[in-house]
Amino acid sequence: IGSIRSFGLTPEKLEILNTKPYILPDHKRIIAPPMVYISGEEMTRYTMKLILEQWIKPHLEISSWEYFDLSCRNRDNTNDQALHDAVSAGKRIQCIFKEPTITPTAIQAKQMGLKKAWGSPNGAMRRGWNGISISRDTIHIDGVKLGYDSPVLFDRHAVGGEYHAGWKAVQAGRLVTQFFPDDGSAPVLCDDRLLRNKENVVVTYHNPLDNVTDMAHLFFSRCLEAKVVPYIVTKKTVFKWQEGFWQIMKDVFDKHYKEKYMESGIIKDGVLHHLISDNATMQIIRWIKGGFGMCAHNYDGDVLTDEISQIHRSPGFITSNLVGKTDSGKPIKEFEASHGTVTDLWEAHLKGEETSLNPLGLAEALLSALTHSAAITGGPIVQEMDTFVKNLRKAIHNTFRYGQGTRDMVGPNGLTTEEFIDKVAWRLGRYVAALEEEVEPSDIVIPDAKHHAALPVDNSALQQIFDQYDKNKTGNININDLESILTRFNIAP
């Protein structure tokens, strides 16, 4: 499956292309532009080491990259100087690739022998890089049916909300919230209430709005380029303080994008639509054809993009890109996979067991970082890197399409973590050498969801639902029964 036409290559050269690192002797590596590379923990760190050795280093000269180890142990050993240095370098270079990291709990800190439970590195990066948005979009492979048929784009406000909240457990009493302006003018009373319960938790947070205009331009530009319908998501009917977010979004759209969306036919009447967050959760399930974008506050965006990732099979098929800016206004972009460190597979690996990690999310983040680093540098490297990125993406996608994917995609007979990375490296070497596949990959591959660990199914509960509608006990249900089931769960198309 997926053999390669030789186009007159000598047997000796073909033999070289069948031997690691799968490159010809006259192969010239591309000098990669500067980039910040942040390493993390566990299975994703191990997998990225394999990817760098087999997919990247044979083809790119990466001595200009700056490396930072943000494992819990190194953060502890350096008293978090490693994180501060990474943030500083990211602001200077403006292009960052980040492996998944761990934010240790108090229990984990004790287990690892850390001095303390260090805070979230992502939070420090969002603040240090003047974070505007976290863009999380569906990843698609031509010929492979995942969840959504067409792209789904999401921009989540990178700052504000519950994630940087102050809180205190208090007893019954009076709670007063005051604001003291920087200009020294009179304090402003924000809230004054009596707490009647003996036990209470007080939480204080704010939603910054200064960069929402930047976020609006980013979101509407991305949706326009992708030709998807944009929606703004809030709970402003109840949370009145969210009205400002919506109003800024609408003002930017009406002034700068309305005519463009009408001309493109994406929004024929030129009206920007708002979705209440409750409604958005249902439409994410129902709009399975995709072709839409959503923009929301920090917390809502976190929850809704997790839902999108499950509809689209798993977090491994969703991007996660932080967009910020320097103090002078230049864009800073950080790329990472949207999933974690995959602890269960790491524990299996440490036991010597076979693993089968799908590295698509990691790879897509790295490819995007390579493209952005070239764009910052400019000149001939833009075309050189574009060609390499296209070849690598094609090698990854076609390896899945030829049935040589990881087990979450093709079942128990799928390749191991190491075998998949090796197979892509083999295929990449041939694409770089301008060789072609003898047989085109299949147009459609429908992966069986039951092979994916992130999609557990309670079969007994499923059987109970089926039995309720299989009234004649024939083992069959008809179209009316199916309609009733889908309507019951509010997911009917």
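Remember, predicted model here, so these are calculated numbers, not experimental data.
- For the pair K325 and P331, the minimum side-chain heavy-atom distance is 4.5 Å or more.
- With hydrogens and angles disregarded, no donor-acceptor distance shorter than 3.5 Å links the side chain of T103 to the backbone of G119.
- Closest approach of I51 and P359 over heavy atoms only: CD1-CB, 4.0 Å.
- For H84, the NE2 atom counts as densely surrounded, since its 6.0 Å shell holds more than 12 non-hydrogen atoms of other residues, nucleotides or ligands.
- For the pair D300 and T234, the minimum side-chain heavy-atom distance is 4.5 Å or more.
- In this structure, Y37 and Y67 have tilted ring planes: the angle between them lies in the 30° to 60° band.
- Donor-acceptor pairing under 3.5 Å is lacking for the side chains of T416 and S356.
- R430 and N18 form a side-chain donor-acceptor contact under 3.5 Å, judged by distance and modelled atom types alone.
- Taking a cutoff of 4.0 Å between a charged side-chain nitrogen and a carboxylate oxygen, K394 and D142 do not qualify as a salt bridge.
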Output, in order, the C-alpha distance, side-chain angles, deciding distance and verdict of side chain to side chain donor-acceptor pair (under 3.5 Å) for Q283 and N279.
CA-CA 6 Å; Q283 302 311 332; N279 187 21; 2.8 Å; yes

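- Side-chain atoms of R427 and T399 include a donor-acceptor pair closer than 3.5 Å.
- Annotation for G414 and R407: closest pair O-NE, 3.1 Å, computed over non-hydrogen atoms.
- Annotation: side chain of Q81 is not in contact with side chain of R75 (no heavy-atom distance under 4.5 Å).
- The 12-atom threshold is exceeded at CD1 of I465, counting heavy atoms of other residues, nucleotides or ligands nearer than 6.0 Å.
- By the 4.5 Å heavy-atom criterion applied to side chains, W287 and I311 are not counted as neighbours.
- Between the Y148 side chain and the I284 main chain, a donor and an acceptor come within less than 3.5 Å of each other.
- For the atom pair I332 CD1 and L322 CG, the distance stands at 8.5 Å (nearest 0.5 Å).
- Atom-to-atom distance recorded for D137:CG and N321:CG is 7.0 Å, nearest 0.5 angstrom.
- Taken to the nearest 0.5 Å, the CZ atom of F317 stands 10.5 Å off from the OG atom of S338.
- Under the 4.5 Å side-chain criterion, counting only non-hydrogen atoms from C-beta, V144 is in contact with M409.
- One side chain, D155 or S135, offers a donor N or O that lies under 3.5 Å from an acceptor on the other.
- Of the charged side-chain nitrogens involved, none lies within less than 4.0 Å of a carboxylate oxygen, so that D69 and R73 do not count as a salt-bridged pair.
- At a threshold of 4.5 Å between non-hydrogen side-chain atoms, the residues N207 and H157 do not count as touching.
- Looking at N122 and S120, their side chains never bring a donor and an acceptor atom within 3.5 Å of each other.
- In terms of modelled atom types and a separation under 3.5 Å, the side chain of E99 and the main chain of S39 share no donor-acceptor contact.
- The side-chain heavy atoms of P58 and R29, taken from C-beta on, include no pair separated by under 4.5 Å.
- Looking only at atom types and distance, the side chain of N459 has no donor-acceptor partner in the side chain of Q463 under 3.5 Å away.
- For the pair S314 (side chain) and Q310 (backbone), a donor-acceptor distance under 3.5 Å is absent.
- Of the possible donor and acceptor atoms, none in the side chain of T355 sits under 3.5 Å from a partner among the backbone N and O of H349.
- Heavy-atom minimum distance, A117 versus P104: CB-O, 3.5 Å.
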Using the rule given for side-chain contact (heavy atoms from CB on, under 4.5 Å), can you reason through I141 versus L360, listing the C-alpha separation, both sets of side-chain angles and the distance that settles it, and then say yes or no?
CA-CA 10 Å; I141 302 173; L360 184 63; 3.9 Å; yes

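- Distance check: R126 CZ to N298 CG gives 6.5 Å after rounding to the nearest 0.5 Å.
- Judged by a 6.0 Å distance limit and a 45° cone about the ring axis, K98 is not positioned over the six-membered ring of F335.
- For E307 and S309, the side-chain atoms include no donor-acceptor pair closer than 3.5 Å.
- Side-chain contact annotation: T341 with E41, donor-acceptor N/O pair under 3.5 Å absent.
- Between the side chains of E418 and Y46, at least one donor N or O sits under 3.5 Å from an acceptor N or O.
- Side chain of H372 to backbone of Q94: a donor-acceptor contact under 3.5 angstrom is found.
- A donor-acceptor pair under 3.5 Å links the side-chain atoms of T19 to the main chain of E15, judged by distance alone.
- We find the OG1-CD1 distance between T406 and I421 to be 10.0 Å, quoted to the nearest 0.5 Å.
- Judged by the 6.0 Å distance and 45° axis criteria, R156 is positioned over the aromatic ring of Y163.
- The minimum heavy-atom distance linking I139 with G316 is given by the pair CD1-O, 4.1 Å.
- The local environment of NZ in K390 is sparse, with at most 12 non-hydrogen atoms from other residues, nucleotides or ligands closer than 6.0 Å.
- No side-chain donor-acceptor contact under 3.5 Å links N211 to the backbone of D214.
- Taking both residues in full, the closest heavy atoms of P121 and T101 are given as CG-OG1, 3.4 Å, listed atom of the first, atom of the second, then distance.
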Run the numbers on F420 and F400 for ring pair (Phe, Tyr, Trp, His ring centres under 6.0 Å), then give the verdict.
CA-CA 9 Å; F420 179 79; F400 283 117; 4.9 Å; yes

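- Using modelled atom types, one side-chain atom of T417 and one backbone atom of L357 make a donor-acceptor pair closer than 3.5 Å.
- Applying the 6.0 Å contact sphere to CZ of R92 captures more than 12 heavy atoms from other residues, nucleotides or ligands.
- Under the 30°/60° scheme for interplanar angles, the aromatic rings of H312 and H140 are found to be tilted.
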For L17 and W426, what are the C-alpha separation, side-chain angles and deciding distance, and is it a side-chain contact (heavy atoms from CB on, under 4.5 Å)?
CA-CA 7 Å; L17 285 176; W426 173 87; over 6 Å; no

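- Side-chain polar atoms of H27 and H59 form a donor-acceptor pair below 3.5 angstrom.
- Distance check: E364 CD to H397 NE2 gives 6.0 Å after rounding to the nearest 0.5 Å.
- With Q108 contributing its side chain and T105 its backbone, the two residues share a donor-acceptor pair below 3.5 Å.
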Test F219 against I232 for side-chain contact (heavy atoms from CB on, under 4.5 Å), laying out the working first.
CA-CA 10 Å; F219 175 62; I232 308 303; 3.8 Å; yes

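- Within 6.0 Å of atom CD in E225, 12 or fewer heavy atoms from other residues, nucleotides or ligands are found, so the atom counts as exposed in its surroundings.
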Going through the checks in order, is the side-chain contact (heavy atoms from CB on, under 4.5 Å) test met by K423 and L415?
CA-CA 9 Å; K423 179 60 69 175; L415 302 184; 4.1 Å; yes

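- Residues V432 and I23 fail the side-chain proximity criterion, which asks for heavy atoms closer than 4.5 Å.
- For the 3.5 Å distance criterion, the side chains of W118 and D76 qualify, holding a donor opposite an acceptor.
- A pairwise comparison of heavy atoms in L370 and M385 identifies O-CG, 3.6 Å as the closest pair.
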